[in-house]
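Single-structure report; data block below.
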Number of protein chains: 2
Amino acid sequence: MAIKDRKERDKLDRQKLIIASATKLFLEQGYDKTSIRNIADDIEYSPATIYLYFKEKDEIFFIIHEQGFALLHQEFQPLLEIANSLERLHALGSTYINFALNNPDYYDLMFIMRAPLGQIACHDKWDAGDHAFQFLLNTVQECLDQKLIVPGDVNVIAVTVWSFAHGLVSLHIRERFKSMGIGSDSDGEILKHAMNYFIKNLAH
Amino acid sequence: MAIKDRKERDKLDRQKLIIASATKLFLEQGYDKTSIRNIADDIEYSPATIYLYFKEKDEIFFIIHEQGFALLHQEFQPLLEIANSLERLHALGSTYINFALNNPDYYDLMFIMRAPLGQIACHDKWDAGDHAFQFLLNTVQECLDQKLIVPGDVNVIAVTVWSFAHGLVSLHIRERFKSMGIGSDSDGEILKHAMNYFIKNLAH
DNA sequence: AAATATACTAAACACTGTTCATAAAAATCA
DNA sequence: TGATTTTTATGAACAGTGTTTAGTATATTT
């Protein structure tokens, strides 16, 4: 049954082709402006064909969503080398912020957009996002054990740290700082200062 | 020329009619699911008529956007009574979070969505949003003056506080806590705990 | 070679925001 | 009053969206 194997490989190849095209277009123009017909044109297939490989548009972008988490996970890896846990926590925040600024579309899909989670997100409890959060949890726990940060519940602290970092970059990405008085000139600079102030308070 | 006056009143009335319908539908079903045709159906006019009173969909929702800020401003008013500035800062945070949880669609439009700002946001430097941020700035400054919080640049601290609060509620609204391990049961509870931890660090 | 299973697509459905020529109504002028 | 101009409203269309379906080629199996 080698033919059946090849057929399955072909099927996977065409799925990969769709994802590759979708990823390319998505990174060029974002979610909303990447239509099924755009992807179909790009891979030179009919729009209907795409629906033979994916149930809906969101299913395609959930895979890209996971790609984003893989990328973030990758950028977190070098941080494991940092011995001092508080320093590692600080670096974790900086890396998170840089990831968001360098990959705003990925970040949007992963943390801001409503779209590509529905029932999908629930199907796998231990997805890539959980891994990243676990890394944060572990680091916070270590900081607590070594009494490097203000004591408190590890979950609460992790949520606090994540919320701060997310708020910072998502307000920046959605240009809400601009629309206020602040950050008109030195855009990225104030983010770093806020990060430093936040960590200083945490470590106090 | 009383006729011309009446005509202008009529015109404003029809604008208000459109806004009222748009607001109603928006609060029922959100921005994306409120179409021009929905509004037209509701007010029993043709879709094209709406474009005689508003240049585009976003112009309608920018007014709703401002309504949201007026509402937030209103909820901030009682806080002026609070004498202790740190207490006021804490209450400011809680009020902000409660506003977001009680009016998720308004909050979305005001702080999360990409849509109804473009050039529009820039036209009036001193809009409702600036007022709210100014309130935060003043409160932070007072806390600094009274040495109630960790010293630092007032702008940086205000951004830090706002980012934290925004991150908290926007991750909640977009259900990113659920998709991780945390907050599956006691949803709103962890927000309050995080808020308390954040303020405790700030005041330390 | 005939029957079956697979892969693909043109066309349509039900939407979206937006524009434009045309028709109806109201106000102004002769 | 009747004719003219201005204001107001709309049907129909444009170009786009995600998605479904019926029908057509192609490839595999019998």
Side-chain angles (χ1 to χ4, degrees), chain A residues 1-19 21-22 25-26 28-65 109 113-120, chain B residues 1-19 21-22 25-26 28-65 109 113-120:
Chain A
M1 286 296 126
I3 292 167
K4 212 154 197 171
D5 287 7
R6 192 215 65 205
K7 286 236 162 188
E8 267 183 40
R9 276 206 314 276
D10 286 359
K11 196 154 194 167
L12 278 172
D13 280 352
R14 262 159 286 151
Q15 282 197 6
K16 279 182 191 165
L17 186 70
I18 293 168
I19 293 294
S21 168
L25 294 173
F26 165 73
E28 276 171 20
Q29 24 180 322
Y31 178 88
D32 284 331
K33 287 181 181 172
T34 304
S35 72
I36 296 293
R37 282 174 180 81
N38 288 160
I39 300 169
D41 275 7
D42 188 54
I43 61 173
E44 294 176 297
Y45 276 82
S46 152
T49 302
I50 292 173
Y51 286 88
L52 297 175
Y53 297 92
F54 299 97
K55 193 176 145 280
E56 54 194 356
K57 193 190 175 187
D58 279 358
E59 199 175 322
I60 297 172
F61 281 86
F62 182 69
I63 291 169
I64 297 178
H65 176 272
L109 203 57
M113 275 194 23
R114 192 167 253 141
L117 311 129
Q119 311 113 342
I120 321 177
Chain B
M1 289 297 124
I3 292 168
K4 211 154 197 172
D5 287 9
R6 194 217 62 204
K7 284 233 162 189
E8 268 184 40
R9 277 205 312 275
D10 286 359
K11 196 155 191 166
L12 278 171
D13 280 351
R14 262 160 286 152
Q15 281 197 5
K16 279 181 192 164
L17 186 70
I18 293 167
I19 293 294
S21 167
L25 294 174
F26 165 72
E28 277 171 18
Q29 25 179 319
Y31 177 88
D32 284 331
K33 287 183 181 171
T34 304
S35 71
I36 296 293
R37 283 173 180 81
N38 288 160
I39 299 169
D41 276 7
D42 188 53
I43 61 174
E44 293 175 298
Y45 276 82
S46 152
T49 303
I50 292 174
Y51 286 88
L52 296 176
Y53 297 92
F54 298 97
K55 193 177 145 282
E56 53 193 357
K57 193 190 176 188
D58 279 358
E59 198 174 323
I60 298 172
F61 281 87
F62 181 69
I63 291 169
I64 298 178
H65 176 272
L109 204 58
M113 273 196 22
R114 192 167 253 141
L117 311 129
Q119 311 113 342
I120 320 176

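As the structure is a prediction and not an experimental result, all values here were calculated from the model. In what follows, chains are A, B, ... by sequence order, proteins preceding strands, each numbered from 1.
Residues meeting the side-chain hydrogen bond (donor to acceptor under 3.5 Å, both in side chains) test with B:Ser46, sequence neighbours left out: none. For B:Arg14, the side-chain hydrogen bond (donor to acceptor under 3.5 Å, both in side chains) partners at least two apart in sequence or on another chain are B:Tyr53. Partners of A:Leu17 by side-chain contact (heavy atoms from CB on, under 4.5 Å), not counting sequence neighbours, listed by chain and number: A:Ile43, A:Tyr45.
Heavy atoms only, all atoms of each residue included: B:Pro47 and B:Ile36 are closest at O-CG2, 4.0 Å. Contact detail for A:Leu109 and A:Phe61: the closest heavy-atom pair is CD2-O, 3.6 Å. When all heavy atoms of A:Ile39 and A:Ser21 are compared, the pair lying nearest together is CG2-OG, 3.7 Å.
Put simply, OG on A:Ser35 and CD on A:Gln29 are 8.0 Å apart, with the number rounded to the nearest 0.5 Å. Atoms OG1 and CZ, from A:Thr49 and A:Phe54 in turn, are 12.5 Å apart once rounded to the nearest 0.5 Å.
Residue pairs meeting the salt bridge (charged side-chain N to carboxylate O under 4.0 Å, His left out) criterion with at least one partner in residues 38-52 of chain A, sequence neighbours excluded, are A:Lys24-A:Asp42.
What separates CD1 of B:Ile50 from C1' of D:dT10 is a distance of 12 Å, to the nearest Å. Atom-to-atom, OH of B:Tyr45 to P of D:dT8 comes out at 11 Å; the value is rounded to the nearest Å. Following rounding to the nearest Å, B:Ile39 (CD1) and D:dT10 (P) show an atom-to-atom distance of 15 Å. The CG-P distance, from B:Asp10 to C:dA26, rounds to 11 Å in whole Å. Atom CG in A:Leu17 sits about 15 Å away from atom C1' in C:dA7, given to the nearest Å. In this structure, A:Arg9 atom CZ and C:dA7 atom C1' are separated by 18 Å, rounded to whole Å. In this structure, the CZ atom of A:Phe54 is 18 Å from the C1' atom of D:dT20, given to the nearest Å. Spacing between atom CD of A:Glu44 and atom C1' of C:dT9 amounts to 15 Å, rounded to whole angstrom units.
Contact annotation: B:Lys11 side-chain N/O to D:dT7 OP1/OP2 distance is not under 4.0 Å. Contact check, A:Thr49 against C:dT9: a side-chain N or O comes under 4.0 Å of OP1 or OP2. Taking only side-chain nitrogens and oxygens, A:Tyr53 never comes nearer than 4.0 Å to OP1 or OP2 of C:dA7.
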**Message:** So if I define the base as every atom that isn't primed, P, OP1 or OP2, how would nucleotides 13-24 of chain C read as a B/S/- string at a heavy-atom cutoff under 4.0 Å?
**Reply:** ---BBBBB----

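Taken over five-pair windows at either terminus, the axes of the helix from C:dT4-D:dA27 to C:dA30-D:dT1 are inclined to one another by 40° (rounded to 10 degrees).
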